[in-house]
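Quick note: numbers below take in every heavy atom, side chains included, and nothing from hydrogens, waters or symmetry partners.
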Amino acid sequence: MTKYVYDFSEGNKDMKDLLGGKGANLAEMTNMGLPVPHGFTLTTEACLRYLDGGDWPDGLIDEVEEHLVRLERTMGKTLGDPTDPLLVSIRSGAKFSMPGMMDTVLNLGLNEDSLKGLAHQTGGDMRFANDAYRRFIQMFGKIVMDVPAHAFEQALDAAKERKGPGSQDTDLDADDLRSLIDGFLEIYRQHTGSAFPTDPREQMRLATEAVFKSWNGKRAIDYRRQNKISDDLGTAVNVVAMVFGNRGDDSGTGVAFTRDPATGERVPYGDYLANAQGEDVVAGIRNTLPLAELEKLDPVSYGELLQVMHTLEMHYRDMCDIEFTIEKGKLWILQTRIGKRTAFGEWVMGHEMLQENLISEDEALLRVDANRLEELFKRRVDATGAEPIAKGLNASPGAATGKVVFTADEAQAMGRAGERVILVRRETTPDDYHGMIAAQGILTSAGGTNSHAAVVARGEGIPAVCGADQIKLDIAGGRFTATGTAVGAGDTITIDGFTGNVYVGELPLQESVLEKARQGDAEAREQEIWHAFERLMQVADARRRLRVRANADTPDQSTNARARGAEGIGLCRTEHMFLGEERVDVVRQMIFAETSDEEQAAYDRLLPLQQGDFVGIFRAMDGLPVTVRLLDPPLHEFLPDLTELSVQVALGRERGEDVAELDRILTKVRQLHETNPMLGLRGVRLGILKPGLYAMQVRAIAQAAAQVRKGGGDPQVEIMIPLVAMAPELQQMRDELEPVAREVFEREGVELSHLEWGTMIELPRAAVTAAEIARAAQFFSFGTNDLTQTAFGFSRDDIGKFVGLYEERKLVPANPFVTVDRPGVGRLMRIACDEGRSANETLHLGICGEHGGDPASVVFCHELGLDYVSCSPFRVETARLAAGQAAVGSAESASK
Ligand code: PEP
Ligand code: MG
């Protein structure tokens, strides 16, 4: 028969699945001989059975009874006894801590009879007994019977008011509390239609059921969603003999951390509230004292607490978060767990524990959360008290504040004038690039985390919020509205790229110590966080097998990436070199060319511009591989928007202006217009249709490499052909382009130390025919942005509209454009790796989709055995760390 109930002495800390975190740790501490009140735990399995069948599973009631009788015997007290009653608390406790999300009932077992017994037990302290009873009615009513909390709170406030202005709950005497009890019992009767249950066993049954049910409460569900905790775990229920922190000034309750969870410093940290029960701390009824003050109030208990803290930290080898109560000078430990900590704190304490030899290098490496590293390099917004007017996707981390502008030109003009601006658009296009890089932040009402705006913003390190669809743009009116608030051009807003929140006004921003240190600030380099970062990154680099490259399109980005530890470039998107006003003009000249001479003239103008960029990039990455991708996006992206242009032409015509030139552009835009450009004339298809374009690019790459080589450098070149679906596409391109490169090298008389030709695997057909493609390729790079888009049939630009709901409904475990979808996209990748390698054993494998900087996806790439991951320069450290953690073992976040 299933065992549903465990005495604290029967469990241990590794039984969290069954006993929940609280139960498992109470058991561990009991067995360590720490002062833990007696009790027992109903398992998570009991909860799941209950929730499943809506009733107590067979045998559970008997088991509980058996343990209860045993507890009564151990304590020498019985539930409901009118002379010497046992009181218990009923505490929830799931596998993962879900602070405040589920329910707890204290002082259970009280009724009019045991109330007298409680007073008797405490030497006739009727005030204390009444206070315990009123708390019990209040908690039981609220939690078990859904009586609105404010009904009790109002009555309590009224009682304090009657006592005199400024009175606290501690000022109420026994008689005041007795009246309050009567009031509470009446409130209970009014709201539930029945009298307060007096049988302690019935109280316990109802309270246990309420805790079980609280697993499916809205708060708990929301918390699990946010923290990616499974709904299938259930909560355990702990029945614990009561100890009282509200028995006078020699009693109290508190929370202690063995280190400071915010700064990571090795100092005891916490709060203490004299003469109070635990829920008073949570409810903020009175202000708590800093833990250190306890030393003055009760030096003996304080000393004992420090000893327990030390014991626990040595035992768990991590920072512990402890709840304790002092009852008449006697210390009780009610709970411990591995404490949650800030991203900052986890680095500092991980490093210090390593220095103290408390943990090993590998353990220290696994103690930090790669998902939270990037935030340490960014400015943060202090949004205390501010309400967001909209929430979008957290597309590029960091916080920014500035004046709203609606066009890229304005952003550029105001940026040049030294103004801080936030560029607000429905979505961005390559045309907006100049404005984007002039802005402090980018906000779009449409688009997903892989939309143009998001990709460019991440590449440039500009905070961005995308797909904030509550924002309704009224560009003509020079404003937008969001949840009833109108914001005009020139008004200041603040965006938080960590949360996706958008605020009106200028919120305070905090600089990052790590970023300052990284840039060489001497004072910042003295700080513990920098030492921790350097040391743990060394460990990660020593452990990792995956190489880490960056997606970088310019010499500046390449330099930045290298400084962050990038070991090459995994994706240089050459289209970004086509951006900028002057270049877009040449690109347009190429698109408009009507004869091959005109087209060639445009290529001749483009070639030196591209060559110059490549020289810069090869120099910045000297000696390291640089994967240059030939042009990928559809050409219409370099032309103005069809609708806007049509309006311009129509208006111009109406005003009698000369619109011949605009009309010519419009005709071309119409010609190039595609219903579904993402699946249209782009990638290799462009190369096949416009052979001169790719030839020009290859010539620019080869000439740049030759130039750098001749200057004594070591350019390592990988030329990548995008969006290949079939092996012959790649083969034909290579047949056409390799001679172009060869011709340059022969002419220049140089030989490169490394030159490879390869392709992206970003279409399902390419993945499943990888063996054929591998025979024509020297490397594959997984373009998981397009691969995700085409595998799911989800438009990467429009996913913002529904991905939130998909995540909420658990249709997807995470946004598949952020974390590789292992069963689908991941399977395609695995097929491509296996088949590609078996057809070509020297094939190199990498990833350059946005997933290359996502820690969970990096772990997957490690498992696949890729050679490298490539990600935005700002995520290089994150990828290095995640790759190190993947090599060491499962990178379980220390904060979970
Ligand atoms: C991809 O598709 O994953 C990729 C890297 O290319 P892009 O994002 O430029 O389409
Ligand atoms: Mg792609």
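Side-chain polar atoms of Q538 and E534 form no donor-acceptor pair below 3.5 angstrom. Under 3.5 Å, the side chains of S9 and D7 contain a donor-acceptor pair of N or O atoms. N238 and T41 share a donor-acceptor pair across their side chains, judged by distance under 3.5 Å alone.
Atom CD1 of residue I322 and atom OG1 of residue T258 lie 6.0 Å apart, to the nearest 0.5 angstrom. Distance check, rounded to the nearest 0.5 Å: CG of L881 to CD of E374 gives 12.0 Å.
The shortest side-chain heavy-atom distance between Q527 and K516 does not fall under the 4.5 Å cut-off. In this structure, the side chains of L289 and L294 stay at 4.5 Å or more apart for every pair of heavy atoms. With contacts defined as side-chain heavy-atom distances shorter than 4.5 Å, the pair E863/R822 qualifies. The side-chain heavy atoms of V858 and P855, taken from C-beta on, include no pair separated by under 4.5 Å. Looking at heavy atoms from C-beta onward, Y6 lies in side-chain contact with L18 at the 4.5 angstrom threshold. A heavy-atom distance below 4.5 Å is not found between the side chains of E567 and Y868. Put simply, the side chain of L354 reaches to within 4.5 Å of the side chain of L536, judged on heavy atoms. Looking only at side-chain heavy atoms (C-beta outward), K16 and N25 come within less than 4.5 Å of each other.
The main-chain N or O of L866 is found under 3.5 Å from a side-chain atom of R545 such that the two form a donor-acceptor pair. Side-chain atoms of S230 come within 3.5 Å of backbone atoms of D232 as a donor-acceptor pair (strictly under, hydrogens ignored). A distance-only check finds no donor-acceptor pair linking the side chain of T235 to the backbone of F212 [under 3.5 Å]. Judged by distance alone, with hydrogens and angles left aside, the side-chain atoms of R341 form a donor-acceptor pair with the main-chain N or O of G339 at under 3.5 Å. Side-chain N or O atoms of R880 include one that pairs as donor or acceptor with a backbone N or O of R564 at under 3.5 Å.
For L60 against A46, the heavy-atom pair with the smallest separation is CD2-CB, 3.9 Å. Minimum interatomic distance between V381 and L507 (heavy atoms only, all atoms of both residues): CG2-CB, 3.6 Å. Closest heavy-atom contact between V348 and E528: CG1-CG, 3.7 Å.
Identified under the ring pair (Phe, Tyr, Trp, His ring centres under 6.0 Å) test for residues 511-532, with sequence neighbours left out: W530-F533.
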